[in-house]
Enquirer: 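Quick one: the structure is below, and I'll ask about it shortly.
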Amino acid sequence: MPGLTAIVNALLVPVFDRLQPGASPGVRTSERADLQVDGALALARSLHRAPREVAEEIARQAWADGLEQVCLSVEVAGPGFLNLTLSDQFVAHALGAMATDDMLGAERAARPVKVVVDYASPNAAKQMHVGHLRSTIIGDCLVRLLGFVGHQVVRENHIGDWGTPFGMLIEHLVDIGEDKAAHELAVGDLELFYQQARSAYDSDPAFADRARARVVLLQSKDPETLRLWRLLVDQSVAYFDRELRRLGTCLTRDDVVGESSYEPLLPKVVEDLEALGLLVESEGARCVFPPGYSKRDGQPLPLIVQKSDGGYTYAATDLAALRDRVERLGAGLVVYVVGLPQAQHLGMVFAVARMAGWLPEGTEAVHVGFGNVLGPDGKMFQTRQGGTIKLADLIDEAVERAAAVIAGRSPGQERLGADELGEVARAVGIGAVKYADLSTDRSRDYRFDWGRMLAFDGNTGPYIQYAHARVCSIFQRAGQEMAGAPVAFGPLSEPEERLLARRLLGFGDAVAAAVDAYAPHKLCGYLFGLASAFTDFYEHCPVLRAPDEATRASRLALSGLCGRVLAKGLDLLGIEAPRRM
RNA sequence: GCCCCCGUAGCUCAGUGGACAGAGCGGCCGCCUUCUAAGCGGCGGGUCGCAGGUUCGAACCCUGCCGGGGGCGCCA
């Protein structure tokens with residue numbers, strides 16, 4: 001279903017086209033009117049005419065062309081803007097159409113493709129931390145958004161399960177014994193395991209020698225080494241699965257496609273690069289030099305695919321993965337939810353893939369980068385001791401803090417039972433963490449602050465959830481299901497009804513904006529505006545005690561649609577919407 | 001030295017070509033016999049890092065500079 005701006009835009013395009021082919025009406029939402037049209041100003045310039053005069057002419061012609069069907073009035077304002085006031089009938093009609101649309105007014109992708117989303121990507125035998133949390137939360141939201149608008153989404157959790165670190169990890173496993181190692185990994189004590197392996201490697205030359213020898217065994221597919229490696233990876237994956245499940249993500253064990261999966265493809269990547277004449281041997285390493293990248297000294301910067309010792313680099317793995325996703329899976333778009341420091345590396349990988357023809361015309365690879373997670377002090381988010389914050393501890397703390405806030409609610413209201421309180425605390429705590437991450441521009445560093453993310457005021461998860469719970473409360477008192485809310489929207493005579501209606505009709509545009517820019521925060525911003533508009537409406541417009549039956553039905557319809565949009569919006573963010581809080 | 005990201009109210013952040021730059025928090029003042037006051041309204045608060053340029057119009061685009069962070073050959 002086309003959005004509101006699209007409908008009005010379509011009405012105006014012929015008028016603009018007549019004055020100058022291709023001119024854009026520039027319809028947008030506005031604080032001064034239901035919709036605003038900016039295009040007359042730009043048009044006036046290229047026609048060398050007075051802007052207000054052009055605006056008047058457009059208004060007249062558009063009115064005759066059918067704008068009358070949807071608008072109560074069109075006014076020329078300021079230097080030449082058109083302010084549109086939509087007619088009540090049209091707003092009511094649009095709301096009705098939205099309420100009966102299973103996309104709630106969002107538009108399907110014009111060209112649906114298979115999209116691979118590469119996200120989360122923790123390292124086997126290593127703790128998951130806040131960096132993985134960001135990738136996971138943002139990636140999961142994009143998976144939901146892209147799927148919602150009709151793309152076929154393939155999730156890939158590209159875990160680090162191959163390479164030189166596994167020599168020392170396997171030797172450490174051998175040293176402490178398989179049973180003990182399995183136990184440590186199973187209970188999620190990966191930090192300890194990794195650090196011990198690391199320190200043995202750094203301090204014990206004999207251990208380091210064994211570790212290096214083990215890498216060779218692993219690469220030559222020695223059966224016993226592979227068995228031990230498998231043990232490490234399986235335990236790690238089981239641990240990741242538990243944490244990701246608790247977080248409430250779309251990722252499952254089936255989505256784990258580790259670096260090792262691409263290992264068999266690496267020789268062919270290098271062979272083919274060589275056959276294409278792209279491979280250059282430099283200082284013993286085998287490299288590709290994509291144009292546009294340079295080193296400190298201004299010389300071309302290589303993407304090293306094979307080291308001088310014959311080992312493959314992660315550039316080779318990334319190339320193999322990208323190639324596999326396009327060639328075998330048939331991906332038209334591959335999205336990498338990876339930290340911003342990887343921008344140059346991924347840019348080079350994409351460039352080389354293009355040069356090699358592995359990323360043909362019409363297919364696209366996108367780096368959806370993100371900034372660091374900072375602590376409340378503005379420095380890297382760490383424990384007081386300077387250690388990594390475990391994802392599991394973070395989730396525990398979120399749920400505990402949410403429970404404390406919920407338990408401290410003002411007296412005189414219905415108390416939640418212990419079971420429900422636990423469930424709500426889980427939804428609110430985890431939702432707060434996710435929302436805080438998603439609600440700011442992902443390319444910036446973001447400051448992790450418990451107090452702010454769990455506040456019930458402002459652009460927070462709990463605030464949106466609370467607005468939804470209030471809608472549910474109305475329906476509970478009315479003895480109705482929200483899903484079965486009326487879809488007949490009345491006159492909307494109060495300003496708060498009107499504003500709520502306008503905000504509701506913006507859902508499709510908000511989804512499109514978030515998808516187009518891979519920017520979840522645009523959806524968050526929309527939901528905050530909607531929740532605010534609902535709260536305003538709720539304060540000023542009694543629903544169940546409305547003055548008359550028609551108003552009551554209309555307000556119930558508005559509430560119901562709002563509740564559904566809030567729930568859907570939260571769902572797209574990967575956040576639950578409890579019915580009571 | 002080159003490249004990338006960031007710089008907006010005391011704080012945390014929206015806004016990336018359109019009308020007087022917005023929100024939340026914090027501060028001050030109001031609002032609960034009324035569908036959840038976990039809320040709402042009001043007041044105060046900004047040379048949009050600096051300087052040029054393009055444009056009818058710039059926080060937004062271009063150039064230079066300042067400040068913070070990151071990257072720049074065999075770790076991933």
Side-chain angles (χ1 to χ4, degrees), chain A residues 26 28 30-32 36 38-39 41-42 44-45 50-51 77-81 83 121 123 160 162-165 259 282-287 292-309 311-315 317-318 339-345 347 369 371-372 374 376 378 405-406 408-410 412-414 428 436 439-441 443-447 449 451-460 462-463 465-467 469-478 521-522 524-525 528-529 532 535-536 538-546 555-556 559 580-581:
Chain A
R28 65 183 179 99
S30 164
E31 280 158 38
R32 298 159 184 268
Q36 172 174 325
D38 295 339
L41 283 161
R45 173 167 33 158
F81 299 106
N83 285 339
S121 315
N123 293 313
W162 198 254
T164 48
E259 290 170 1
S282 167
E283 297 170 36
R286 310 183 84 186
C287 316
Y293 294 89
S294 57
K295 299 194 284 184
R296 275 176 216 286
D297 57 10
Q299 293 299 107
L301 180 68
L303 184 71
I304 299 176
V305 291
Q306 195 170 16
K307 298 183 286 181
S308 49
D309 67 2
Y312 297 102
T313 64
Y314 80 134
T317 307
D318 283 339
L340 239 17
Q342 297 290 326
Q344 181 175 270
H345 165 73
N372 292 318
L374 306 179
V405 174
I406 293 163
R409 63 205 273 261
S410 55
Q413 296 172 12
E414 283 177 62
V428 170
S439 59
T440 63
D441 187 332
S443 65
R444 297 168 59 125
D445 290 348
Y446 109 90
R447 209 170 274 240
D449 182 333
R452 193 152 32 81
M453 73 176 71
L454 279 163
F456 287 75
D457 302 293
N459 191 8
T460 69
Y463 180 79
Q465 288 173 318
Y466 178 56
R470 284 176 129 179
V471 175
C472 292
S473 169
I474 292 174
F475 280 90
Q476 197 192 350
R477 298 218 176 230
H521 83 282
K522 294 187 186 237
C524 292
F528 178 52
S532 302
T535 305
D536 226 15
Y538 181 88
E539 292 287 326
H540 294 97
C541 307
V543 177
L544 302 178
R545 280 170 309 209
R555 289 180 178 171
L556 208 49
S559 302
R580 300 209 299 165
M581 284 175 72

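Any value given below was found using the heavy atoms of this structure, including those in side chains, with hydrogens, waters and symmetry copies removed. Naming: A, B, ... by sequence-line order, numbering from 1 per chain.
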Enquirer: So which atom in P542(A) and which in R555(A) form the shortest heavy-atom distance, rounded to 0.1 Å?
Expert: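 Minimum heavy-atom separation between P542(A) and R555(A): O-NH1, 2.8 Å.
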Enquirer: Provide, to the nearest angstrom, the distance between the CG atom belonging to D457(A) and the P atom belonging to U12(B).
Expert: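 The answer, rounded to whole Å, is 19 Å.
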Enquirer: Applying the 5.5 Å / 30° rule, does F81(A) stack onto the base of A19(B)?
Expert: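 A stacking contact exists, since F81(A) sits close and nearly parallel to the base ring of A19(B).
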Enquirer: Within the structure provided, determine whether K307(A) and T313(A) are in side-chain contact (heavy-atom separation under 4.5 Å).
Expert: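 Side chain of K307(A) against side chain of T313(A), heavy atoms only: contact under 4.5 Å found.
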Enquirer: Run T535(A) and Y463(A) through side chain to side chain donor-acceptor pair (under 3.5 Å) and show every step you take.
Expert: CA-CA 10 Å; T535(A) 305; Y463(A) 180 79; 3.3 Å; yes
Enquirer: Return the pairing partner of A23(B) with a 3.5 Å limit on both distances, Watson-Crick or G-U wobble; otherwise return none.
Expert: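 Per the H-bond distance test, U12(B).
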Enquirer: By nearest atom, which of the nucleotides U8(B), C5(B), A19(B) is closest to the R444(A) side chain?
Expert: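 So the nucleotide nearest the side chain must be U8(B).
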Enquirer: CG of D38(A) versus C1' of G17(B): gap in Å, rounded?
Expert: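 Nearest whole value for this atom pair: 9 Å.
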Enquirer: Taking OH from Y538(A) and C1' from G41(B), how many angstroms apart are they, rounded to a whole number?
Expert: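 In whole Å, G41(B) C1' lies 17 Å from Y538(A) OH.
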Enquirer: Expressed as a whole number of angstroms, how long is the span from E31(A):CD to G15(B):P?
Expert: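 The distance from CD of E31(A) to P of G15(B) comes to 14 Å, rounded to the nearest Å.
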Enquirer: Using the P atom on both, measure A58(B) against G41(B) and round to a whole Å.
Expert: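 It works out to 33 Å between them.
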Enquirer: What does A455(A) touch in the nucleic acid at a heavy-atom separation under 4.0 angstrom: a base, only the sugar-phosphate, or nothing?
Expert: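 Nothing, no heavy atom under 4.0 Å.
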Enquirer: Looking across every strand, which nucleic acid part, if any, lies under 4.0 Å from N459(A) by heavy atom: base, sugar-phosphate, or nothing?
Expert: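 Here N459(A) touches no strand at all.
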Enquirer: Over how many whole Å does the gap from R452(A) atom CZ to A23(B) atom P extend?
Expert: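 Rounding to the nearest Å, CZ of R452(A) and P of A23(B) are 18 Å apart.
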Enquirer: Suppose you measure atom P in C11(B) against the same atom in G52(B); what distance do you get, rounded to whole Å?
Expert: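 Their P atoms lie roughly 26 Å apart.
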Enquirer: Of all the choices, A19(B), C40(B), C5(B), which nucleotide is nearest to the side chain of S443(A) once you look at every atom?
Expert: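 From the listed options, C5(B) comes nearest.
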Enquirer: With N123(A), which residues qualify under side-chain hydrogen bond (donor to acceptor under 3.5 Å, both in side chains), at least two apart?
Expert: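 If we apply the side-chain hydrogen bond (donor to acceptor under 3.5 Å, both in side chains) test to N123(A), skipping adjacent residues, there are no hits.
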Enquirer: Taking only side-chain N and O atoms of R580(A), does any of them lie within less than 4.0 angstrom of OP1 or OP2 on C35(B)?
Expert: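 Checking C35(B) against R580(A), no side-chain N or O comes under 4.0 Å of OP1 or OP2.
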Enquirer: Using atom CZ of R45(A) as one end and atom P of G18(B) as the other, report the distance to the nearest whole Å.
Expert: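 Atom CZ in R45(A) sits about 13 Å away from atom P in G18(B).
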Enquirer: Taking side chain as C-beta onward, heavy atoms only, is F456(A) less than 4.5 Å from V405(A)?
Expert: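 Yes, side chains in contact.
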Enquirer: Side chain of V543(A): nearest nucleotide among G18(B), C35(B), C40(B)?
Expert: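 Closest nucleotide among those given: C35(B).
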Enquirer: According to the Watson-Crick and G-U wobble definitions, with both distances under 3.5 Å, which nucleotide is paired to G52(B)?
Expert: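 WC or wobble partner is C62(B).
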Enquirer: Taking all non-hydrogen atoms of both residues, which atom of P79(A) and which atom of L41(A) are closest, and how far apart?
Expert: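 Smallest heavy-atom distance, with atoms named: O-CD2, 3.7 Å.
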Enquirer: G18(B), G24(B), U34(B): which one has an atom nearest the side-chain heavy atoms of R545(A)?
Expert: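 So the side chain of R545(A) is nearest to U34(B).
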Enquirer: So what does C541(A) touch, heavy atoms closer than 4.0 Å: a base, only the sugar-phosphate, or nothing?
Expert: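 If one applies the 4.0 Å heavy-atom cut-off, C541(A) turns out to touch a base.
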Enquirer: Please check if the side chain of N372(A) supplies one atom and the backbone of D445(A) the other of a donor-acceptor pair under 3.5 Å.
Expert: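 Side chain of N372(A) to backbone of D445(A): no pair is present.
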Enquirer: Taking the C1' atom of each, how far is G49(B) from A9(B), in whole Å?
Expert: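 The same atom, C1', in both gives a distance of 15 Å.
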Enquirer: Between Y446(A) and S439(A), is any side-chain donor less than 3.5 angstrom from a side-chain acceptor?
Expert: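 Y446(A) vs S439(A): no donor-acceptor pair found between side chains.
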Enquirer: Answer with base, sugar-phosphate or nothing: what part of the nucleic acid does A44(A) contact at a heavy-atom distance below 4.0 Å?
Expert: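 No contact.
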Enquirer: Among A19(B), G24(B), A37(B), find the nucleotide with the atom closest to the side chain of F528(A).
Expert: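 So the side chain of F528(A) is nearest to G24(B).
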Enquirer: What interatomic distance, in whole Å, is found between C1' of G46(B) and the corresponding atom of C31(B)?
Expert: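 C31(B) and G46(B) have their C1' atoms separated by 29 Å.
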Enquirer: Please determine, for the side chain of R28(A), which listed nucleotide (G15(B), C56(B), A19(B)) has the closest atom?
Expert: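 That would be A19(B).
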Enquirer: Which one, C5(B), C35(B), G18(B), comes nearest to the side chain of S473(A)?
Expert: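 Given the options C5(B), C35(B), G18(B), the side chain of S473(A) is closest to C35(B).
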Enquirer: Which is true for D441(A) with a 4.0 Å heavy-atom rule: it touches a base, it touches only sugar-phosphate, or it touches nothing?
Expert: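 If one applies the 4.0 Å heavy-atom cut-off, D441(A) turns out to touch the sugar-phosphate alone, with no base involved.
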Enquirer: Whole Å only: how far is the CD atom of E539(A) from the P atom of A38(B)?
Expert: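 The distance from CD of E539(A) to P of A38(B) comes to 11 Å, rounded to the nearest Å.
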Enquirer: Report, as a single string ordered 5' to 3', how protein heavy atoms within less than 4.0 Å touch nucleotides 66-76 of chain B: B base, S sugar-phosphate only, - not at all.
Expert: ----SSBBBSB
Enquirer: Measuring only the C1' atom in each nucleotide, how far is G39(B) from U34(B)? A whole number of Å is fine.
Expert: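 After rounding to an integer number of Å, I get 14 Å for this pair.
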Enquirer: With rounding to the closest Å, how many angstrom separate the P atoms on C29(B) and C6(B)?
Expert: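 Per the computed distance, 41 Å lies between those P atoms.
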Enquirer: Go nucleotide by nucleotide along RNA chain B from the 5' end; which of T440(A) and Q36(A) gets its closest nucleotide reached first?
Expert: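 It is T440(A), whose closest nucleotide lies nearer the 5' terminus.
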Enquirer: For L340(A) and G371(A), work out which heavy atoms get closest and say how close.
Expert: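 Heavy-atom minimum between the residues: CD2-N, 4.2 Å.
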Enquirer: With respect to the phosphate group of C40(B), does any side-chain polar atom (N or O) of Y463(A) fall under 4.0 Å of OP1 or OP2?
Expert: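 Indeed, a polar side-chain atom of Y463(A) lies that close.
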Enquirer: Tell me whether S473(A) contacts the main-chain N or O of A469(A) through its side chain, where contact means a donor paired with an acceptor under 3.5 Å.
Expert: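 A pair under 3.5 Å: no.
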Enquirer: With a 4.0 Å limit, can you tell me whether R32(A) has a side-chain N or O closer than that to the phosphate oxygens OP1/OP2 of C20(B)?
Expert: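 Checking C20(B) against R32(A), no side-chain N or O comes under 4.0 Å of OP1 or OP2.
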Enquirer: Mind checking if A469(A) touches a base, just sugar-phosphate, or nothing, with heavy atoms under 4.0 Å?
Expert: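 Base contact.
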Enquirer: Could you tell me which nucleotide pairs with G1(B) by Watson-Crick or G-U wobble geometry, both distances under 3.5 Å, or answer none if nothing does?
Expert: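 Pair assignment: G1(B) / C72(B).
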Enquirer: Sequence neighbours excluded, which residues qualify as side-chain hydrogen bond (donor to acceptor under 3.5 Å, both in side chains) partners of S443(A)?
Expert: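 Only D441(A) meet the side-chain hydrogen bond (donor to acceptor under 3.5 Å, both in side chains) criterion with S443(A).
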Enquirer: NA contact type, D536(A), heavy-atom cut-off 4.0 Å: base, sugar-phosphate, or nothing?
Expert: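 Sugar-phosphate: the residue D536(A), judged by heavy atoms under 4.0 Å, touches backbone atoms but no base.
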Enquirer: Could you tell me how far A59(B) sits from G7(B) if I compare only their C1' atoms? Round to whole Å.
Expert: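 Their C1' atoms lie roughly 11 Å apart.
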Enquirer: What's the closest nucleotide to the R447(A) side chain, out of C56(B), C13(B), G18(B)?
Expert: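 Among C56(B), C13(B), G18(B), the one nearest the side chain of R447(A) is C13(B).
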Enquirer: To the side chain of L41(A), which of C5(B), G18(B), G39(B) is closest?
Expert: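 Selected nucleotide (nearest to the side chain): G18(B).
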Enquirer: Now, which nucleotide makes the Watson-Crick or G-U wobble pair with C31(B), with each of the two distances under 3.5 Å?
Expert: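 The answer is G39(B), by the H-bond criterion.
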Enquirer: Pull up the glycosidic torsion of C32(B) and say syn or anti, syn being anything within 90° of 0.
Expert: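 Glycosidic conformation of C32(B): syn.
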Enquirer: At under 4.0 Å between heavy atoms, what does D318(A) touch on the DNA or RNA strands: base, sugar-phosphate, or nothing?
Expert: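 No contact at all - D318(A) keeps every heavy atom at 4.0 Å or more from the nucleic acid.
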Enquirer: Backbone N or O of A455(A) within a donor-acceptor pair of the T460(A) side chain at under 3.5 Å?
Expert: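 Yes; judged by distance alone, with no hydrogens or angles, the pair exists.
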Enquirer: Please report the distance separating the C1' of U12(B) from the corresponding atom of U54(B), rounded so that it comes out in whole Å.
Expert: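 That atom pair is separated by 34 Å.
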Enquirer: Measure CG/L374(A) against C1'/C6(B) and give the value in whole Å, please.
Expert: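 For the pair L374(A) CG and C6(B) C1', the rounded distance is 12 Å.
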Enquirer: Applying a 4.0 Å non-hydrogen cut-off, can you work out what Y293(A) is touching in the nucleic acid: base, sugar-phosphate, or nothing?
Expert: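 No contact.
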